[in-house]
Amino acid sequence: MALRYLLPVLVLGVLVVLFAFGLQHDPREVPSPLIGKPAPDFNLRVVGEDTPYRREDLLGRPVLVNFWASWCVACRVEHPLLMELSRRGVEIIGIDYKDTDADGLRWLERHGNPYRAIAADPEGQAGLDWGVYGVPETYVLDASGNILYKHIGPIDEEAWRTKMAPLMAMASGGAP
Amino acid sequence: MSRIVRTRAAWLSALLLTFFAVPTLAQADLTEAQADRYRKLVNELRCLVCQNQSIADSNAPLASDLREQVRTQILEGRSDAEIHEYVTARYGDFVLYRPPLKPSTWMLWFGPFGLLALGLLVAWLFARRRSRKPAVVVTGADADKLRHLLDEESR
């Protein structure tokens with residue numbers, strides 16, 4: 001008899017747990033299969049130049065690789081934070097995704113340039129290989145070019161502080 | 001009048017073309033068998049931008065890039081499995097509308113059957129409990145009262 005009254009409570013409890021789990025997951029965030037793997041190879045060039053920009057150029061120190069575009073509205077949301085991180089000495093590499101060099105450079109002129117280097121990916125081929133499906137997307141890479149973390153959408157202070165900064169610090173050997 | 005009709009027809013065909021032309025035009029240089037594989041593949045790959053459409057249905061630029069990838073890889077002689085591997089290496093199993101069977105997808109594949117079994121079990125338990133309950137026998141004053149009430153009802 002007790003079961004008759006307990007059962008709905010149990011069902012409700014299970015539902016609450018499932019909802020709590022489901023509501024904390026953004027279905028638009030597709031987990032990347034590339035986490036923990038070496039960053040995919042690419043063969044791009046520096047924006048506005050003919051100088052090649054390759055995967056080797058990312059190696060040697062932990063970096064943030066930020067896919068952005070001048071046409072990307074959400075990129076403007078995270079831009080002040082990128083500027084701030086750049087001032088704090090975080091090395092950010094920009095990849096100008098499906099954009100023209102002229103538009104990309106003009107955008108940076110207007111909003112400021114947080115990038116140590118910017119590669120142009122006008123066809124989105126590097127983006128495809130890296131599993132980008134909407135800019136902005138930001139990858140944390142260690143010094144040997146392994147992807148430690150991927151952030152989808154604009155980075156905010158909290159994501160930086162709780163997820164990315166600790167990984168960057170760990171990758172550079174403890175010193176933040 | 002007829003010009004208006006013709007203009008309308010032109011607009012309509014332009015509209016229809018924008019919706020249907022992309023996947024069809026992309027198949028122009030494929031053989032019949034390759035085109036079949038192409039259609040099957042693009043209909044079973046999920047568009048990551050819109051998520052509830054296949055890359056065949058979606059007009060998102062990324063979907064068109066992926067369609068182009070599928071087409072070129074078919075032309076290069078890659079197998080369906082290799083093409084699946086290409087996209088899942090980049091975007092994970094999420095892009096497959098037919099996810100592979102493995103421990104993390106057991107819930108997805110067997111969950112519905114589990115729920116069905118649970119439902120049948122509950123229904124069976126209820127049915128059994130009901131059939132076990134003894135029939136209610138009404139006697140004496142209660143029987144008279146009941147007969148009275150029923151008669152009143154039927155009048």
Side-chain angles (χ1 to χ4, degrees), chain A residues 1 3-4 6-8 10-11 14-15 17-18 21-22 25-42 65 67 69-74 95-100 121-137 139 146-147 149-150 152-153, chain B residues 41-42 45-55 58-73 76 78 82-97 99-100 102 104-105 107-108 111-112 114-115 118-119 121-123 125-126 128-130 132-133:
Chain A
M1 206 57 201
L3 187 73
R4 160 170 289 189
L6 211 57
L7 196 64
L10 281 176
V11 169
V14 170
L15 278 179
V17 170
L18 286 177
F21 184 74
H25 282 73
D26 183 354
R28 301 213 67 88
E29 283 192 11
V30 181
S32 173
L34 291 168
I35 308 291
K37 295 198 181 133
D41 204 4
F42 59 83
V65 178
F67 283 80
S70 67
W71 48 263
C72 154
V73 182
I95 297 187
D96 193 8
Y97 176 75
K98 292 203 172 201
D99 204 357
T100 65
D121 186 17
E123 307 297 326
Q125 185 56 50
L128 195 68
D129 287 338
W130 283 56
V132 170
Y133 62 90
V135 278
E137 288 186 14
Y139 297 78
N146 294 311
I147 295 178
Y149 182 75
K150 174 186 182 183
I152 295 153
Chain B
L41 281 165
V42 295
L45 292 176
R46 185 200 298 260
C47 167
L48 286 123
V49 185
C50 11
Q51 298 208 348
N52 290 325
Q53 281 182 311
S54 67
I55 61 169
S58 173
N59 290 323
L62 182 67
S64 108
D65 288 355
L66 283 171
R67 282 197 298 266
E68 183 55 30
Q69 277 296 330
V70 171
R71 196 186 66 86
T72 27
Q73 298 203 7
E76 285 165 4
R78 304 253 186 108
E82 283 169 326
I83 295 172
H84 274 154
E85 206 185 302
Y86 174 90
V87 284
T88 49
R90 285 156 181 75
Y91 295 103
D93 291 338
F94 184 81
V95 288
L96 303 177
Y97 269 125
K102 58 185 192 182
S104 65
T105 58
M107 188 77 161
L108 193 64
L115 283 177
L118 194 70
L121 182 75
V122 169
L125 282 176
F126 266 95
R128 202 180 59 157
R129 186 188 294 177
R130 186 161 295 182
R132 271 204 190 154
K133 244 181 220 166

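Each chain gets a letter, A, B and so on, in the order its sequence line appears, and its residues count up from 1.
- For a residue to count as touching a neighbouring chain, one of its non-hydrogen atoms must lie under 4.5 Å from one of that chain's; by this rule A:Pro40 does not touch chain B.
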Taking atom types as modelled, which donor-acceptor pairs link chain B and chain A at under 3.5 angstrom?
residue : atom : partner  : partner atom : Å
B:Val49 : O    : A:Arg28  : NH2          : 2.2
B:Gln51 : NE2  : A:Pro27  : O            : 3.2
B:Asp65 : OD1  : A:Lys98  : NZ           : 3.3
B:Asp65 : OD2  : A:Lys98  : NZ           : 2.4
B:Gln69 : NE2  : A:Gln125 : OE1          : 3.4
B:Arg90 : NE   : A:Asp129 : OD1          : 2.9
B:Arg90 : NH2  : A:Asp129 : OD1          : 2.9
B:Tyr91 : OH   : A:Val132 : O            : 2.8

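- Across B:Ala89 and A:Pro33, no two heavy atoms sit closer than the pair O-CG, 3.4 Å.
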Under the side-chain contact (heavy atoms from CB on, under 4.5 Å) rule, what do A:Val30 and B:Val95 come out as? Steps first, then yes or no, please.
CA-CA 9 Å; A:Val30 181; B:Val95 288; over 6 Å; no
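- With sequence neighbours left out, B:Val49 forms a side-chain contact (heavy atoms from CB on, under 4.5 Å) with B:Cys47, B:Ala60, B:Leu62.
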